[in-house]
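Data first, discussion second: the structure below is written as structure tokens.
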Amino acid sequence: MSHEQKLNDAQSQLEKLVNGVDREYLRQIQKNVFRCGITCCDNVNLNHREREKCIEGCSTNLVKSQELFQNEMNSLQHRMERCAMECQDRIRDKYASRPNDRAQMEQEFSECVGSCADMLVSLIPSYKQRLNDAMKQFV
């Protein structure tokens with residue numbers, strides 16, 4: 001598989017992860033926020049401030065779940081970036097005395113980044129499991 005195909009596969013796997021978490025958890029959590037807000041508005045015993053505080057409290061789980069999700073996605077992205085930077089450093093060090101071997105440098109860099117994409121894909125199942133376990137508390 002070419003490095004471009006590996007990167008496309010990694011992107012596709014990430015999109016599946018994002019869409020799965022969205023469908024399975026985030027949408028349900030958001031629906032719960034709206035239902036809770038309706039309950040707050042239906043409670044005629046609450047004054048204006050109490051109703052606003054009630055509605056604000058409804059979104060706590062959504063905010064926490066979105067933060068958790070974003071932190072996990074950022075972690076994956078940073079791992080990929082660090083791996084690509086390591087590739088760049090490795091190639092730069094290897095070819096420091098031979099800057100004219102540009103085609104070879106680019107080839108090795110592409111192969112290295114392809115390995116980074118493979119690494120990312122291999123991590124997705126553990127991230128998915130961790131997200132699933134964590135998101136359950138918010139539904």
Side-chain angles (χ1 to χ4, degrees):
M1 184 182 298
S2 75
H3 71 278
E4 288 177 10
Q5 290 170 320
K6 289 179 179 186
L7 290 172
N8 288 338
D9 182 49
Q11 182 64 35
S12 174
Q13 294 295 323
L14 279 174
E15 286 177 17
K16 285 181 186 176
L17 174 64
V18 169
N19 289 332
V21 170
D22 178 60
R23 278 192 301 278
E24 192 167 343
Y25 298 105
L26 295 176
R27 290 181 191 199
Q28 183 61 46
I29 296 166
Q30 198 160 32
K31 285 191 325 190
N32 292 343
V33 169
F34 291 128
R35 287 185 185 123
C36 178
I38 290 170
T39 301
C40 294
C41 291
D42 285 345
N43 187 344
V44 294
N45 295 320
L46 298 177
N47 65 35
H48 172 74
R49 286 187 185 167
E50 292 168 331
R51 181 183 48 83
E52 291 298 319
K53 188 169 181 119
C54 180
I55 292 170
E56 185 179 309
C58 292
S59 64
T60 302
N61 281 347
L62 179 62
V63 170
K64 287 180 181 178
S65 66
Q66 288 173 330
E67 287 174 357
L68 173 85
F69 181 70
Q70 192 59 52
N71 287 340
E72 292 295 332
M73 292 299 98
N74 287 344
S75 174
L76 271 174
Q77 181 180 356
H78 289 138
R79 288 181 83 151
M80 183 65 183
E81 288 170 357
R82 285 193 311 268
C83 185
M85 289 171 68
E86 178 63 31
C87 291
Q88 185 178 9
D89 290 344
R90 202 174 312 144
I91 299 303
R92 186 180 305 136
D93 292 344
K94 182 176 179 178
Y95 289 94
S97 63
R98 304 180 318 211
N100 294 335
D101 290 341
R102 186 127 182 104
Q104 183 65 27
M105 288 170 51
E106 289 175 3
Q107 176 65 30
E108 287 185 36
F109 179 75
S110 293
E111 289 171 4
C112 187
V113 171
S115 296
C116 293
D118 289 340
M119 175 271 305
L120 183 75
V121 168
S122 75
L123 292 173
I124 289 175
S126 64
Y127 272 77
K128 180 179 179 181
Q129 185 62 50
R130 192 164 59 232
L131 279 166
N132 285 338
D133 292 344
M135 289 291 183
K136 289 176 185 174
Q137 69 180 312
F138 300 117
V139 178

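Not measured: the values here are computed from a predicted model.
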Roughly how far apart are Q30 CD and S65 OG, rounded to 0.5 Å? 9.0 Å

Is it the case that the side chains of E24 and Q28 hold a donor-acceptor pair, with the cut-off being a distance below 3.5 Å and no angle test? no

Spacing of C83 atom SG and M85 atom CE [to the nearest 0.5 Å]: 11.5 Å

Treating S12 as the side-chain partner and N8 as the backbone partner, does any N or O pair qualify as donor plus acceptor under 3.5 Å? no

Would R90 and E108 pass as an ion pair if we require N to O under 4.0 Å? no

Please step through side chain to side chain contact (heavy atoms under 4.5 Å, CB included) for the pair I124 and L14, ending with a clear verdict. CA-CA 7 Å; I124 289 175; L14 279 174; 4.0 Å; yes

Interatomic spacing from CD1 in I91 to CD in Q104 - rounded to 0.5 Å: 8.5 Å

Could you tell me whether the side chain of F34 reaches within less than 4.5 Å of the side chain of C58, counting heavy atoms only? no

Contact check, side chains of K136 and Y25, non-hydrogen atoms, under 4.5 Å: yes

Please determine if D133 and R130 form a salt bridge, counting it only when a charged side-chain N lies under 4.0 Å from a carboxylate O. no

Does any part of the side chain of E72, heavy atoms only, come nearer than 4.5 Å to the side chain of V21, both counted from C-beta? no

SG-SG distance between C40 and C54 under 2.5 Å? yes

The test is salt bridge (charged side-chain N to carboxylate O under 4.0 Å, His left out); show your working for K6 and D9 and say whether it passes. CA-CA 5 Å; K6 289 179 179 186; D9 182 49; over 6 Å; no

Are L26 and V139 linked, directly or through intermediate hydrophobic residues, by side-chain heavy-atom contacts shorter than 4.5 Å (ILVMFWY only)? yes

Can you tell if the side chain of E52 reaches within under 4.5 Å of the side chain of L46, non-hydrogen atoms only? no

Would you kindly say whether N74 and Q70 are connected by a side-chain donor-acceptor distance under 3.5 Å? yes

Is it the case that the side chains of E15 and N19 hold a donor-acceptor pair, with the cut-off being a distance below 3.5 Å and no angle test? no

How long is the straight-line distance from CG of L131 back to CG of N71, given to the nearest 0.5 Å? 10.0 Å

Is it the case that atom CZ in R98 sees more than 12 heavy atoms from other parts of the structure closer than 6.0 Å? yes

Does CE belonging to M119 count more than 12 external heavy atoms closer than 6.0 Å? yes

Close side-chain approach of L120 to R79, heavy-atom, < 4.5 Å: no

Can you check whether E106's main-chain N or O pairs, donor with acceptor, with S110's side chain at less than 3.5 Å? yes

Are the side chain of Q129 and the backbone N or O of S126 linked by a donor-acceptor pair below 3.5 Å? no

Between C87 and C116, does a disulfide bond (SG atoms under 2.5 Å apart) hold up when you go through it step by step? CA-CA 9 Å; C87 291; C116 293; 3.6 Å; no

Is there side-chain contact between M80 and L76, with heavy atoms separated by less than 4.5 Å? no

To the nearest 0.5 Å, what is the distance between CG on L17 and CG on D22? 11.0 Å

With a 4.5 Å heavy-atom cut-off, do L68 and F138 have their side chains touching? yes

Can you give me the closest heavy-atom contact between A84 and F109, atom names plus distance? O-CE1, 3.8 Å

Okay, side chain of S59, backbone of L62: is any donor-acceptor separation there less than 3.5 Å? no

Could you give me the CA-CA distance, side-chain angles and deciding distance for Q66 and I29, then say whether side chain to side chain contact (heavy atoms under 4.5 Å, CB included) is met? CA-CA 10 Å; Q66 288 173 330; I29 296 166; over 6 Å; no

Separation between CD of Q88 and CD of E86, rounded to the nearest 0.5 Å: 10.5 Å

Would you say R51 and N43 make side-chain contact, with heavy atoms under 4.5 Å? no

Might you work through the side chain to side chain contact (heavy atoms under 4.5 Å, CB included) test for V18 and F69, ending with a clear yes or no? CA-CA 9 Å; V18 169; F69 181 70; 3.8 Å; yes

